[in-house]
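What you see below is based on every heavy atom in this structure, not just the backbone, and it leaves out hydrogens, waters and symmetry mates. Per chain, numbering begins at 1; letters A, B, ... match sequence-line order.
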There are 2 protein chains.
Amino acid sequence: MPDLLADHGGLRIDRSTKTLRERTVERLRDAILNFQFKAGDRLIERSLCEKLGVSRTVVREALRHLEAEGFVETLPQQGPAVAKPDIGQAAQVYEIRALLEAEAARAAARMATPADVARLAAANTAIQAAFADGTGRDVLRATTGFYELLFTIAGKSVAWQLVQGLNARINYLRAMTISRPNRSVDANAEMLRIVEAIARGDGRAAAKASFDHVEKVKNLAMAMLDTAQ
Amino acid sequence: MPDLLADHGGLRIDRSTKTLRERTVERLRDAILNFQFKAGDRLIERSLCEKLGVSRTVVREALRHLEAEGFVETLPQQGPAVAKPDIGQAAQVYEIRALLEAEAARAAARMATPADVARLAAANTAIQAAFADGTGRDVLRATTGFYELLFTIAGKSVAWQLVQGLNARINYLRAMTISRPNRSVDANAEMLRIVEAIARGDGRAAAKASFDHVEKVKNLAMAMLDTAQ
DNA sequence: TGCTGTATGATGGTATACCAACTGATGGCA
DNA sequence: TGCCATCAGTTGGTATACCATCATACAGCA
């Protein structure tokens with residue numbers, strides 16, 4: 001079996017095309033992240049087959065994947081639905097995010113080049129633009145772009161994978177914190193603290209700013225869940 | 001659809017039985033963790049069907065789940081195999097573990113009752129017994145038991161899920177660090193530091209002892225990977 | 001009008017079939 | 001003896017069938 005990952009003098013044929021299953025996983029994940037399905041919505045197999053134009057095998061395998069990632073939960077005798085974490089799990093998810101993002105910010109402060117810093121600043125500007133002109137969906141997407149860049153600069157691809165999965169579980173909470181009055185102003189100040197600390201290479205300050213930011217949104221989210229119950 | 005999670009005066013019928021798929025996921029995960037399959041081994045569907053006595057649908061869905069958890073990786077045109085991370089990923093996995101376990105140790109120091117501390121001490125004794133009388137597999141299992149207890153005391157079920165997945169990816173590295181000469185003696189001292197710090201309620205010391213322990217095994221693992229390449 | 005029984009449709013679980021691509025073995029020819 | 005072509009077996013991808021369980025709607029009866 002040829003080693004597709006090794007470099008063999010540059011002549012290797014690229015045969016990597018995505019299976020229907022892989023594309024289905026991506027489509028469903030995107031649909032969940034973009035609120036085409038909301039937390040708690042049932043994901044009925046035959047209905048998804050019709051929408052996506054694939055067989056139940058493909059849908060079922062995609063659901064298994066998303067289930068393991070935390071996007072979907074399956075209750076016995078009830079079938080799959082978009083994941084909706086309880087308040088205890090949500091709190092823990094925010095705590096872990098805070099740890100991982102703070103560590104990434106610390107490492108990014110150490111490793112960022114001036115070009116990196118400029119890119120982070122631009123990513124933050126994109127978040128503000130999304131708050132001003134876009135939808136909640138746009139803000140989530142821009143925020144994801146910022147953090148993806150942060151983790152990439154920090155060289156922490158594994159942590160980024162975990163954070164993506166964690167964020168999946170609290171997707172709708174994130175959407176709700178974004179839509180709070182004045183969240184735009186506070187978020188701007190908080191992200192700016194992170195970018196500025198990284199710009200001056202202050203890992204400790206970057207970690208603190210990042211940690212404080214996640215604590216802030218965690219508290220907003222917990223307050224909302226308390227109200228909703 | 002009845003709400004299976006709500007309490008309705010205690011009369012509710014418990015119908016939660018596991019599907020073939022759920023049991024297959026567990027069996028395969030256990031087999032990987034117990035080195036019945038080794039890192040890099042191909043997981044051929046029809047062969048697994050014969051071994052497990054189930055259809056390809058059940059096996060494929062289980063593989064999808066384990067793939068998303070990080071136990072299995074699928075290369076195009078090559079099919080599924082037990083995951084084998086490279087040195088960069090392995091380093092990152094250890095770093096994340098260090099963060100999450102340190103945080104769990106800190107919280108456990110705050111929350112542990114005397115009975116909890118006794119259980120942790122017993123779990124540590126079980127690790128030492130496994131080093132003395134058991135196999136590497138026994139040591140891994142006992143160590144998992146210790147950490148499961150630690151995270152439970154700390155109230156961190158989500159972090160524990162993540163750590164389990166992370167450990168899956170470095171399962172064989174863990175087995176290799178365990179089998180080093182004198183690892184038993186060092187491990188005992190390191191775990192004892194953790195238990196003692198928790199016993200006296202010193203969160204900071206517990207976090208440090210836990211962090212140092214993971215740093216130690218990370219360095220052992222990195223040294224081995226360097227040698228192997 | 002309300003309750004109960006029955007029937008039908010919906011849904012997830014599981015098995016099997018078919019196909020395409022790939023790998024390895026074998027035979028023939030130069 | 002080595003190389004090439006062909007064939008057979010292996011394997012993953014995908015589709016579909018069947019079944020059991022559950023939910024909902026409807027009809028009949030008191």
Side-chain angles (χ1 to χ4, degrees), chain A residues 1-6 8 11-28 32 37 40-68 71-84, chain B residues 1-6 8 11-28 32 37 40-68 71-84:
Chain A
M1 182 66 74
D3 182 353
L4 297 177
L5 303 177
H8 297 261
L11 291 178
R12 180 150 317 263
I13 306 296
D14 176 23
R15 289 174 302 179
S16 55
T17 57
K18 285 178 173 165
T19 62
L20 265 184
R21 175 180 76 242
E22 288 166 328
R23 287 194 276 157
T24 301
V25 167
E26 287 170 5
R27 286 291 274 110
L28 285 174
I32 292 169
F37 300 106
D41 279 0
R42 291 189 65 195
L43 299 166
I44 295 174
E45 291 176 14
R46 288 174 176 82
S47 168
L48 293 175
C49 287
E50 283 183 39
K51 287 179 171 125
L52 295 159
V54 295
S55 74
R56 279 186 65 217
T57 303
V58 173
V59 164
R60 284 178 66 85
E61 292 193 15
L63 288 176
R64 297 293 84 81
H65 195 105
L66 291 167
E67 188 174 17
F71 282 82
V72 162
E73 58 193 4
T74 301
L75 295 172
Q77 284 89 25
Q78 197 171 357
V82 178
K84 186 167 58 177
Chain B
M1 181 66 73
D3 182 354
L4 296 178
L5 303 177
H8 297 260
L11 290 177
R12 179 145 323 259
I13 305 297
D14 176 22
R15 290 174 303 178
S16 55
T17 57
K18 285 178 173 161
T19 63
L20 265 184
R21 174 180 76 242
E22 287 166 329
R23 288 193 276 156
T24 301
V25 167
E26 286 170 6
R27 287 290 276 109
L28 285 175
I32 292 169
F37 300 106
D41 279 0
R42 291 189 64 193
L43 298 167
I44 296 174
E45 290 175 15
R46 288 175 177 82
S47 168
L48 293 176
C49 287
E50 283 183 38
K51 287 179 171 124
L52 294 160
V54 295
S55 73
R56 278 186 65 218
T57 304
V58 172
V59 165
R60 284 178 66 84
E61 293 193 14
L63 288 176
R64 296 296 82 82
H65 193 105
L66 291 167
E67 187 173 17
F71 282 83
V72 162
E73 57 193 5
T74 301
L75 295 171
Q77 285 89 24
Q78 198 170 358
V82 178
K84 186 167 58 176

If you check every side-chain atom of A:Arg60, which of D:dA15, C:dA15, C:dG12 has the closest atom?
C:dG12
Thinking salt bridges, do B:Glu67 and B:Arg64 make one under a 4.0 Å N-O criterion?
yes
Exceeds 12 heavy-atom contacts within 6.0 angstrom, atom CZ of A:Arg56
yes
Reference residue A:Leu20; test side chain to side chain contact (heavy atoms under 4.5 Å, CB included); the match among A:Lys18, A:Arg23, A:Glu22
A:Arg23
Between the side-chain atoms of A:Arg21 and the base atoms of D:dG12, is any donor-acceptor pair under 3.5 Å?
no
Would you say A:Ser55 reaches D:dT14's phosphate, i.e. side-chain N/O to OP1/OP2 under 4.0 Å?
no
Kindly determine whether B:Val54 and B:Val59 satisfy side-chain contact (heavy atoms from CB on, under 4.5 Å), including the steps that lead there.
CA-CA 7 Å; B:Val54 295; B:Val59 165; 3.7 Å; yes
Rounding to a whole Å, what distance do you find between A:Arg56:CZ and D:dC18:P?
14 Å
Nucleotide nearest B:Thr57 when distance is taken to its side chain, options D:dG13, C:dG13, C:dA15:
C:dA15
Roughly how many Å is it from NZ in B:Lys18 to C1' in C:dG12, rounded to a whole number?
19 Å
Rounding to a whole Å, what distance do you find between A:Leu43:CG and C:dG13:P?
13 Å
Which nucleotide, D:dT11, D:dT14, C:dT16, lies nearest any side-chain atom of B:Arg46?
D:dT11
Whole-Å distance, B:Leu48 CG to C:dA15 C1', equals 17 Å
With respect to the side chain of A:Ile44, which nucleotide from D:dT16, C:dT11, D:dG12 is positioned closest?
C:dT11
Given C:dT11, D:dT14, C:dT16, identify the nucleotide with an atom nearest to the side chain of A:Glu61.
D:dT14
Atom CG of A:Leu20 to atom P of D:dT16: distance rounded to whole Å?
12 Å
Please state how far atom CG in B:Leu63 lies from atom C1' in C:dT14, giving the value in whole angstrom units.
16 Å
B:Lys51 and B:Arg27, any side-chain heavy atoms less than 4.5 Å apart:
no
Could you state the CD-C1' distance from A:Glu45 to C:dT14, rounded to the nearest angstrom?
11 Å
A:Glu22 CD - D:dG12 P separation (whole Å):
14 Å
Per atom distances to the A:Arg42 side chain, the nearest of C:dA15, C:dG12, C:dG13 is C:dG12
